[in-house]
Amino acid sequence: MFLLPLGDDIEKRSSFPVLGTILVAVNLLVYLYEWRVWTDGQPRHMVQAQTLDQMHKLAEAPSTRDIVPKEFTRLINRWGLVPAELMKGKVIGLFTHMFLHADLEHLIGNLLMLWLFVTTLEDALGAARFLGFYLLWGLAGGAAHAFMNSGSTTPMIGASGAISGMAGAYIVAFGALTNIRTLFVYWFMGLHHFTLHIPAGLYIFLWIVVPNIMGMILADAGYAAPVAWFAHVGGFAAGAGTMLLFSDEVQ
């Protein structure tokens with residue numbers, strides 16, 4: 001069973017987001033480069049036995065990192081956001097972390113949500129302004145994560161902070177009752193599907209709020225998960241705040 005966002009019911013002047021397409025393409029190209037670095041750094045039998053999904057081992061105990069190729073580890077440490085290094089003045093990771101992803105599931109999940117919001121937001125804000133805001137929201141998410149984990153040497157990667165900013169901006173600009181067209185696919189004695197209209201507020205609540213609350217509860221209970229919860233919160237707050245300040249300029 002899975003839910004696939006198809007779009008919303010906001011009337012648009014243009015149905016094709018040029019900048020959104022470029023952002024998706026950049027993320028895909030960077031991921032392909034990650035995949036190449038990952039596979040080139042392993043013996044052939046290891047590549048056949050493992051998948052890129054095991055990149056999340058970077059966020060676990062050091063004893064598990066021996067399965068990660070050195071070149072890949074060097075790549076993530078150089079271009080990911082390492083809070084302890086940010087505190088020492090290495091700021092490049094604040095920008096570059098949002099174009100790296102840990103595995104295929106991580107990438108696809110983020111790109112689906114990006115595509116859901118980008119058509120409406122790019123159309124409403126204009127491509128140049130949207131790009132500036134997108135990068136700002138990603139920076140805010142990264143800064144929130146680094147502030148809450150200032151001593152951590154574990155690199156944080158992913159576009160979730162920026163995309164959470166898109167969600168926050170979307171809610172403020174278009175309201176929680178805007179309908180999100182969603183394809184519901186399930187298996188019951190065969191593959192079936194139908195389309196639902198889910199309020200944007202509920203969709204975002206299920207996507208951001210519930211997982212973050214559960215993650216923080218688990219973290220307090222001592223169960224670590226390689227998810228940058230505070231990047232989501234910081235990005236969402238930045239997106240919502242941006243639209244509150246610039247709502248009059250939404251076209």
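The analysis underlying the following values was restricted to heavy atoms, covering all of them including side chains, and did not include hydrogens, waters or symmetry mates.
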Problem - Heavy atoms from other residues, nucleotides or ligands near CG of Leu177 exceed 12 (cutoff 6.0 Å) - result: no
Completion exercise
Output for pair (Ser164 OG, His232 NE2), nearest 0.5 Å, gives 5.0 Å
Practice task
Give a yes or no on whether the backbone of Ile180 and the side-chain of Thr182 come within a donor-acceptor separation of less than 3.5 Å.
Solution key: yes
Problem - Where Pro17 and Thr119 come nearest, the two heavy atoms and their spacing - result: CG-OG1, 3.5 Å
Problem - Same cluster (ILVMFWY, side-chain, under 4.5 Å), Ile108 and Leu32 - result: no
Problem - Donor + acceptor pair across side chains of Asp9, Thr178 (<3.5 Å) - result: no
Exercise for the section: Search all heavy atoms of Met243 against all heavy atoms of Ala173 and return the closest pair with its distance. Expected result: SD-CB, 4.1 Å
Practice task
Report yes if the side chains of Val30 and Leu100 come closer than 4.5 Å at any heavy-atom pair, otherwise no.
Solution key: yes
Exercise for the section: Output yes when a side-chain donor or acceptor of Tyr31 lies under 3.5 Å from a complementary backbone atom of Leu104, and no otherwise. Expected result: yes
Problem - Hydrophobic cluster identity match, Leu196 and Leu112, side-chain contacts under 4.5 Å - result: yes
Practice task
List in chain and number order the residues that pass ring pair (Phe, Tyr, Trp, His ring centres under 6.0 Å) with Phe133, two or more places apart in sequence or in another chain; answer none if no residue qualifies.
Solution key: Trp137, Phe246
Practice task
Examine Met98 and Ile92 and state if one hydrophobic cluster contains both, with Ile, Leu, Val, Met, Phe, Trp and Tyr joined whenever side-chain heavy atoms are less than 4.5 Å apart.
Solution key: yes
Handout entry: Point-to-point distance, once rounded to the nearest 0.5 Å, from OG1 of Thr21 to CD of Glu122
Key = 7.5 Å
Practice task
Determine yes or no for a side-chain-to-main-chain donor-acceptor pair under 3.5 angstrom, with Thr120 supplying the side chain and Phe117 the backbone.
Solution key: no
Problem - Non-hydrogen side-chain atoms of Leu75 and Tyr33 separated by less than 4.5 Å - result: yes
Handout entry: Atom pair CG (Leu139) and CG (Leu81), whose distance is rounded to the nearest 0.5 Å
Key = 10.0 Å
Exercise for the section: Show the numbers, then the answer: is there a side chain to side chain contact (heavy atoms under 4.5 Å, CB included) between Leu28 and Leu107? Expected result: CA-CA 8 Å; Leu28 286 171; Leu107 175 74; 3.8 Å; yes
Exercise for the section: Using a 4.5 Å cut-off on heavy atoms from C-beta on, say whether the side chain of Leu121 contacts that of Phe174. Expected result: yes
Handout entry: Sequence neighbours excluded, every pair satisfying salt bridge (charged side-chain N to carboxylate O under 4.0 Å, His left out) that has a member inside residues 89-100
Key = Glu85-Lys90
Problem - Side-chain donor/acceptor of Thr195 to backbone N/O of Leu183, under 3.5 Å - result: no
Handout entry: Side chains of Ile22 and Leu131 in contact at under 4.5 Å (non-hydrogen atoms)
Key = no
Practice task
Taking Arg181 for its side chain and His197 for its backbone only, find out whether a donor-acceptor pair lies under 3.5 Å.
Solution key: no
Handout entry: Check: Pro155 and His97 side chains under 4.5 Å, non-hydrogen atoms
Key = no
Problem - Asn179 vs Ile198 side-chain heavy atoms within contact, under 4.5 Å - result: no
Handout entry: Polar side-chain atom of Ser150 near backbone of Ala146 as donor-acceptor pair, under 3.5 Å
Key = no
Completion exercise
Between Leu19 and Phe130 the two heavy atoms that sit nearest each other are CD2-CD2, 3.5 Å
Problem - Straight-line distance of Phe72 CZ to Trp35 CH2, nearest 0.5 Å - result: 10.5 Å
Problem - Gap separating the NE2 atom of His145 from the CG atom of Leu94, nearest 0.5 angstrom - result: 10.5 Å
Handout entry: Contact check, side chains of Leu136 and Thr242, non-hydrogen atoms, under 4.5 Å
Key = yes
Completion exercise
Closest heavy-atom pair, Gly142 versus Met156, reported as atoms and distance to 0.1 Å, is CA-CE, 3.8 Å
Handout entry: ILVMFWY network linking Leu6 to Ile10, side-chain heavy atoms under 4.5 angstrom
Key = yes
Practice task
Examine Val91 and Val82 and state if one hydrophobic cluster contains both, with Ile, Leu, Val, Met, Phe, Trp and Tyr joined whenever side-chain heavy atoms are less than 4.5 Å apart.
Solution key: no
Problem - Side chain Asp103, main chain His106, donor-acceptor under 3.5 Å - result: yes
Completion exercise
Correct closest heavy-atom pair for Asn110 and Ile163 would be O-CD1, 3.0 Å
Handout entry: Asn27 side chain vs Leu23 backbone, donor-acceptor pair below 3.5 Å
Key = yes
Handout entry: Nearest atoms (heavy-atom pairs only) where Ile76 meets Glu34
Key = CD1-OE1, 4.0 Å
Problem - Close side-chain approach of Val24 to Val118, heavy-atom, < 4.5 Å - result: no
